[in-house]
Structures are given as structure tokens and as C-alpha cells.
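Keep in mind the model is a prediction, meaning the values are calculated, not measured.
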Amino acid sequence: MESFEFLGFDLHAWITIVTVFVMFSTLLLTKLRTDLVFLCAIAILFVTGVLDAKEAFSGFSSASVVVVGVLFIVVTGLTYTGVLQWIVKHLLGQPDSYSKAVVRLMLPVAALSSFLSNTTVVSLFVRIVKMWSHKLGVSPSKLLIPLSYASGMGGVCTLIGTPPNLIISGLYADNTGQSMNIFATAVPGLFCLFVGVLSVIAMRRMLPVRKAPESAFESTSEYTVELQVPSDNPYIGQTLGEAGLYTVKGGSLLEVYHFDEVPSPVTENEYILGGDHLVYAGQIDEILELVETHGLVSANHHVFSLNEIDHNRQLRTAYVTFGSPLIGTTISKTDFERKNNMTLVAVARRGMRISDPPRQVVLRAGDTLLLDCPPHMNMDTDRLVSQLHFFDNEQLPNIGPKTLISSFVMLAMVVLSALGVMPLLHCAFLAAGAMLIFRCCTPEQAMKSINGEILMVFAGSVVLGLALQKTGVAERLAFGILDICGTNPIVVMASICLVGTFITEFISNTAAGAMFFPIMYQAAEHLGYEPYPFLIALMISVSSSFATPIGSPTHMLVYGPGGYRFSDFMRIGLPMNFIILAANIFIVNIVYPLTPLP
């Protein structure tokens, strides 16, 4: 077995190649949890002997992975003390042109994303940008893609701004014994950000004008509402016409579902039975008056008494996220409503209401759902977050002394690390401890903020890179690239970055960073150059995904609210990929001139 060799690769190398291929294919083509896929990949590499126990689980003790986990707590302290809200309140103004609006939006978002989770920043800004766009008279779809792009480009400006930077810098430290400065990518990142902002302004006509999904719930156009007749309703036994339920204020009756859930022909002579489902089309606020005037209830389960109705419930808007288990299903065939105490009232797609009964609509990524929710609920539970994303969840922290304390803690962490007073990991632990000591966040909030799925992906990415390096796959790929590209270091750098940029459109940028680190590192060494500038360019390239909505979690966050189509990202994103790639290679070779190895 040990003598097995095919195309220059031994058995362990082929196991690694097949494992990587199957893992990425699974991530692309299935809805399996990302952390589970990475865990299975680690298990395969360990069980088959590709990696020993220490190597297989080295990702969990990697300094870069631990830093990510600790930074979750630091960001939580900033969030719950209102730092982000204070910044937003004082940064956006009333610009008099689209170009100025893009600048006023992208620069602050990029600055925040340099130190905080870009998904946190985008989640905060989405709802604000939507309201801001109405004031400016601009379609939200013209600003939400720039918002997402800014968060990605800002994240590469520091090592803590985006996970691939931490992973690549950590692997560099493991291989060389030298640590990168927290601002190693600052100048190249800022230059690419500047180019990116100008590119968005220049290509603004390529940004689509889409109808915001919520407009389907705000306009006078019709959409559907499903209500139920309780078993003690006084109108049971009467016809729809006699009960005044056939033609109603603000809408009309579309369908009636009896106990067998088979739609009956809708006539005013149809008798009303207990448990009937009535599907109306019209204005939400006027149709829902039937709850008060005719004793109807939300159609999520069979209600036997009006005493069960909570009249303090409220309507909230949510978007179906990519990878949501709700995709491809109908709400009526899931236990979503029962488990979350919510009722689906209406569905919109690309800004247009869907005329079918909402609970019978087969959901897609990006669909906008109008939900009838209890007055007090936690919209941050793992179950809900994996299914939907709410943008009307207002957690308004009190801005006060703790706001200044958390800001100082964050700045101290960055400054101490940048000046080399102590390693970033030490600074992060001290900052997290300070957030807890000064009660910027509670221990419960801190622990809930640590995302185990993300940490699993980070750890798996480190192990994946190690396997590629140990089995010689990375070295062979590096030689293959050198055979194609020759020995010009800039051409080799650009070629690997180009492939990395497009790979990260479809897989996690963290995984892309870990996968391409050994390839770029080996290529630089074989060319006889210090790998440092090559890796700086790689950091920027694997975080430069602009052409698909699945290329970044922030793209997924704006996809639904912007009413976008998949092709909208490709139209402006493909040119952006090449523009930022060119800017990246240009600036990195100026800031970090190629240095031959001693």
C-alpha cells in the first residue's frame, strides 16, 4: 500500500485530493451543515492515516482559531454597549448625490469591518440603509451591494477583520516562527478599497434598480392572507355570504380549505365549518380586522377558543437565507410555525407578492416572509438564525459610560498588538476579560456569541491546509503552476490569486485561504522569494468575492432585502473581481517588494 503511486501522488495524497474534492462538492450541492462536512473531512484524514492524532486536531489549538473565538466576546461587548449604533447615527448624513452617498456609506462600513465581524456590521446597516435610501430617493438595491462589498474590502485591512487573514497569518507564523503585524494588510487593503469605491461609482449603472420586497406589503397591490375559523365561532353553519366573509373590506376571498385541506369552489353559498381555512387577497391591515370583527384566527393550528388569541402579536419581516432548511419546502409541511409560535401571513418574491396561499408556497432563498409573531421573542436563537434573517429586530442598547469603556478596550487591544507590546492572542484575551469585568456584556451573552459552527470551519480549514502540505499535494500543484506560468514571480502571484478569487465565489473564504496557503507558500519558495508579499496578496484575493451572492455571508444578507437576482451580482461582480485583482497585485508589489531568500 505504501508503494502505491499514480500520476506522481501516493495513496495518502490521493486520499487528501479525493477528500477535498468530495468536501467542496458536498458544500456546493447539498444543504448539509458546513461544520459537519469539515468534521467528516478531518475524520477521514485521521482514520486513513493521512494525519496523526496531533495533526488532525491541531486546528482546535491553533492560535488563529482561538483568536477568532475570543474576538466573538469582544465584538459582543461593543454591540451590547451601543458602539455600532452610535457610530451609525453620527456617520450617515444627507448627501446630495449618489456618488457622495456611496462614499458616506462604504468608508464607514469598511472601517468598522476592519475590526468587527462584517456580518455584524452589515446586519446593523441593512435596515438603516433601506430607510436612508428612501430619504435620498434611491432604490435600496443601488446601495445594498456596495454595502456588502465595502464590508468585505474593509475586512482585509487588518488581520482581525476577516478570518482568512487570521488563518493565513497563523500558518505563516507556524512555518517561519515570525508573526505578522495586525496592520500588515492595511496599505494594500486601503488602496483596494479606494479603487473599489471608485469602481462602484463608475459602474453604478450596472447596479440594478429592484423593487424592495417590503413594498409588496406596503403598497396597495394585493397579497394573500390565510385565516382560520375557530370551533366556537358564531358564524359556523352560515354561508360565506350570510356571514359577510365572502366580500370583505380591503380584499376578497380566494379559496376555502375544509378539513381535508382540499380547496372548495368559492361561492357565497359555501357553508362555514369549524376549522375552515379562508385565503384572502388584499390589504393586510384591513383583512386582519376580521380577527376582531368575525372572530377569525391565524391559520397555524386549530384553535378551539378565542381565549387562545394573543391580540398583542405583531408583524415582522424576515428573509429566507441561503442554505436555510426551509428552501424547497412549504410552511404547511414543516413545524416552523408551531415551534416558533409564528404564523406565515404573506410571501413576496423579488418585490412582488405571490398570489398562492402563503402556507402552500414553495420557498426559495431570498423570499420575503411577513410573519405574525408574539410581542416578545428572541430572534437570535440558533434555530431561527439557520432558517431566516430578521431585519426588524431592534435591540437598542443604552448608550452611556459603558459605550466609552468598550471602545477604549477595543482600541487598546488593537494598539498593543500593532506596537508589538504583546501578541494578538494575549491582547484578545485581555480585551475579552475587560468586557466581562466592566459588564459591557454578561457571561451568558459572551458564551452565546461564540459561534461553534464557525470555529469548526476555521479549525477544519487549518487541518485541510496541513494535509495538503504534508502529502505533497500543495508542492505538486505549485510546481504545476510554475510549469504553466513560468518563473516570473508576479505572474505566478497573479495566477494563484486569480484562481483563489474565483474559488472563493463558491466556497468559504476561510477554506480557500487555508487551501491556497501551502500552494502559494511553496510556489514562492521554489521561485526563491520570501513568501510574505505573496501571502499578503493571497489574503486580499480570497476575500475578494463579488460575483455571486453565495460568495460571502454578507452578500446573502443583502440578497433578500435588495430584491436581487443571482445575475445582478455577476453583472457588476465579475468586473470588480478583475479590477480588485489588478489593484491587489499592483499595490502589494510596491508596498512589499519581492525579496530573494537568503
Between Val558 and Thr554, does a side-chain contact (heavy atoms from CB on, under 4.5 Å) hold up when you go through it step by step?
CA-CA 7 Å; Val558 302; Thr554 60; 5.9 Å; no
Between [atom1] on residue [X] and [atom2] on residue [Y], distance to nearest 0.5 Å:
X: Glu505; Y: Leu574; atom1: CD; atom2: CG; value: 7.5 Å
X: Ser179; Y: Asp174; atom1: OG; atom2: CG; value: 9.5 Å
X: Ile167; Y: Leu159; atom1: CD1; atom2: CG; value: 11.5 Å
X: Leu597; Y: His526; atom1: CG; atom2: NE2; value: 11.5 Å
X: Ile580; Y: Ile587; atom1: CD1; atom2: CD1; value: 12.0 Å
X: Ile15; Y: Thr19; atom1: CD1; atom2: OG1; value: 7.0 Å

Taking all heavy atoms of [X] and all of [Y], pick out the closest pair and write down the distance.
X: Asn584; Y: Ser541; value: ND2-N, 3.8 Å
X: Leu581; Y: Cys497; value: CD1-CB, 3.6 Å
X: Cys485; Y: Val492; value: CB-CG2, 4.1 Å
X: Ala184; Y: Tyr532; value: CB-OH, 3.3 Å
X: Pro164; Y: Ser543; value: CG-OG, 3.8 Å
X: Met203; Y: Pro575; value: SD-CB, 3.8 Å

In the structure I gave you, are the side-chain heavy atoms of [X] and [Y] within less than 4.5 Å of one another anywhere?
X: Val320; Y: Arg364; result: no
X: Leu207; Y: Val200; result: yes
X: Ile540; Y: Cys192; result: yes
X: Val102; Y: Arg204; result: no
X: Thr162; Y: Met539; result: no
X: Met456; Y: Leu36; result: no
X: Leu430; Y: Met422; result: yes
X: His12; Y: Lys470; result: no

Pair Leu527-Met493, side-chain contact (heavy atoms from CB on, under 4.5 Å): steps then yes or no:
CA-CA 11 Å; Leu527 287 171; Met493 179 191 295; over 6 Å; no
Verify the neighbour count for atom [atom1] of [X]: are there more than 12 heavy atoms of other residues, nucleotides or ligands below 6.0 Å?
X: Met570; atom1: CE; value: no
X: Phe60; atom1: CZ; value: yes
X: Tyr592; atom1: OH; value: yes

Donor-acceptor under 3.5 Å ([X] side chain, [Y] main chain):
X: Thr329; Y: Leu326; value: yes
X: Thr501; Y: Asn577; value: no
X: Glu530; Y: Thr595; value: no
X: Thr504; Y: Gly500; value: no
X: Thr471; Y: Ala13; value: no
X: Ser417; Y: Val414; value: no
X: Asn165; Y: Thr158; value: yes
X: Tyr564; Y: Ser141; value: yes
X: Glu55; Y: Val463; value: no
X: Ser114; Y: Gly161; value: no

Evaluate side-chain contact (heavy atoms from CB on, under 4.5 Å) for Leu78 paired with Phe115, printing each intermediate quantity in order.
CA-CA 11 Å; Leu78 292 170; Phe115 302 100; over 6 Å; no
For Phe546 and Ile572, what are the C-alpha separation, side-chain angles and deciding distance, and is it a side-chain contact (heavy atoms from CB on, under 4.5 Å)?
CA-CA 8 Å; Phe546 304 108; Ile572 188 172; over 6 Å; no
Look at the rings of Phe9 and Trp14 and say which category their plane angle falls in: under 30° parallel, 30 to 60° tilted, over 60° perpendicular.
perpendicular
What is the ring orientation for Phe578 with Phe502, classed by angle as parallel under 30°, tilted 30 to 60°, or perpendicular over 60°?
tilted
Does the ring centre of Phe517 sit less than 6.0 Å away from the ring centre of Phe534?
no
Are Tyr149 and His555 an aromatic pair by the rule of ring centers under 6.0 Å?
yes
Between Gln445 and Thr76, is a side chain to side chain donor-acceptor pair (under 3.5 Å) present by the stated rule, with each step listed?
CA-CA 7 Å; Gln445 291 168 339; Thr76 300; over 6 Å; no
Which of Leu466, Asn175, Leu468 passes side-chain contact (heavy atoms from CB on, under 4.5 Å) with Pro518? Answer is Leu468
